[in-house]
Asks: 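This structure is in structure tokens; I'll ask about it shortly.
Any value given below was found using the heavy atoms of this structure, including those in side chains, with hydrogens, waters and symmetry copies removed. Note that ligands are numbered from 1 as they come in the structure, with each ligand's atoms numbered from 1 the same way. These figures come from a predicted structure and were not determined experimentally.
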Amino acid sequence: MCSLQISWLSIILCYMYVECVNHMLATAKRMVHQKCRSQLYPFGNIKRILLSDDEVPWNVNISYDPPEYESPVLKNKAWADPYIEDAKFTPKFNSLDGNINRKSYMGNYLINNGRPLNPEGRTGLKGRGILGKWGPNHAADPIVTRWKIIEGKKQTHPISKLPILEFCGIQRRDCNQWAIPGGMVDPGENVSETLKREFLEEAFNSLEANQGEMEKNEKLICEFFKHGCEIYRGYVDDPRNTDNAWMETIAMNFHDDSGKLVGKFNLKAGDDAKNVQWISIDKNLDLYASHCSFIEKVAHLHNAHW
Ligand code: BGC
């Protein structure tokens with residue numbers, strides 16, 4: 001009787017374990033490459049072909065003829081590649097091409113008919129959409145955090161009992177969504193420079209600050225950004241991605257444990273940001289692209305509420 005009970009128990013436990021692993025695998029699969037498959041492309045009123053998860057990998061044979069889109073905004077922009085048909089345009093994909101980094105953090109990507117292929121598979125749209133570069137478009141995301149403190153007391157969450165972290169978030173001008181104040185790495189720019197520059201531009205409005213203010217903020221940020229922790233490096237599930245152009249980023253956390261460094265400064269939105277504020281970190285956040293998954297990693301890193 002007892003051994004019968006034990007074997008039933010082991011069957012149930014085993015079943016629960018398999019269910020749990022399946023759930024984890026399904027969640028992990030869902031985390032990548034979803035937002036860039038939502039039907040309406042965020043610019044140009046273009047509809048992507050809808051694909052099932054199974055149809056995404058390039059090595060799965062399907063009949064596939066997606067629409068093509070290239071935003072007219074890209075024409076003659078210094079930050080954008082020329083048209084791919086331009087005979088003078090001879091990009092060196094998968095390498096450092098002059099001062100443009102065409103390497104992917106995901107390894108070597110495939111080239112088909114002279115066009116780079118998205119390393120995460122099909123997106124239902126070809127061309128480069130609104131993105132300036134064919135292939136990888138590199139960004140950098142500074143995640144600046146401090147503890148939530150009210151009247152000198154560190155706040156804890158009533159359910160998890162863990163302290164609450166806040167991050168400096170911006171509201172993007174292009175889509176109104178809240179996001180990390182990141183931005184594109186300029187040609188030849190070092191990622192650590194991009195992290196500082198974007199934070200100063202978007203959260204301290206450095207582009208419109210007076211000389212004295214700018215110098216003070218720059219000094220503070222330079223010192224504070226000396227100690228960061230890398231959170232993520234790779235492909236981003238960005239709604240602007242297409243079959244031939246996609247976003248990649250390096251996300252770094254800079255934590256102000258005492259709240260006395262950047263934590264106490266008045267934030268001021270600037271450049272691509274229309275609003276800026278300290279946002280309490282919680283799993284119900286709805287942020288741009290893959291930003292929620294970066295923020296979750298930061299919460300776990302500091303053993304904070306999620
Ligand atoms: C944003 C970054 C973001 C990247 C990829 C850039 O435009 O500024 O914050 O991580 O796109 O989505």
Asks: Filter the ligand 1-protein atom pairs down to N or O on both sides and distance under 3.5 Å, then list them.
Replies:
{"from": "ligand 1", "atom 1": "7 (O)", "to": "Arg240", "atom 2": "NH2", "distance (Å)": "2.9"}
{"from": "ligand 1", "atom 1": "8 (O)", "to": "Gly182", "atom 2": "O", "distance (Å)": "3.0"}
{"from": "ligand 1", "atom 1": "8 (O)", "to": "Gly183", "atom 2": "N", "distance (Å)": "3.3"}
{"from": "ligand 1", "atom 1": "9 (O)", "to": "Asp141", "atom 2": "OD1", "distance (Å)": "2.4"}
{"from": "ligand 1", "atom 1": "9 (O)", "to": "His291", "atom 2": "NE2", "distance (Å)": "3.3"}
{"from": "ligand 1", "atom 1": "10 (O)", "to": "Asp141", "atom 2": "OD1", "distance (Å)": "3.4"}
{"from": "ligand 1", "atom 1": "10 (O)", "to": "Asp141", "atom 2": "OD2", "distance (Å)": "2.5"}
{"from": "ligand 1", "atom 1": "10 (O)", "to": "His291", "atom 2": "NE2", "distance (Å)": "2.9"}
{"from": "ligand 1", "atom 1": "11 (O)", "to": "Arg240", "atom 2": "NH2", "distance (Å)": "2.8"}
{"from": "ligand 1", "atom 1": "12 (O)", "to": "Asp238", "atom 2": "OD2", "distance (Å)": "2.4"}

Asks: What residues form a salt bridge (charged side-chain N to carboxylate O under 4.0 Å, His left out) with Lys126, not counting sequence neighbours?
Replies: Asp65

Asks: Between Phe225 and Phe199, is the gap from one ring center to the other below 6.0 Å?
Replies: yes

Asks: Between Arg102 and Asp81, does any NZ, NE, NH1 or NH2 come within less than 4.0 Å of an OD or OE carboxylate oxygen?
Replies: yes

Asks: Tell me which pairs pass ring pair (Phe, Tyr, Trp, His ring centres under 6.0 Å) where either residue lies in residues 42-75, with sequence neighbours left out.
Replies: Tyr41-Tyr69

Asks: Tell me every residue that passes salt bridge (charged side-chain N to carboxylate O under 4.0 Å, His left out) with Glu230, counting only those two or more places apart in sequence or in another chain.
Replies: Arg233

Asks: Once you round to the nearest 0.5 Å, how far does CD1 of Ile281 lie from NZ of Lys148?
Replies: 11.0 Å

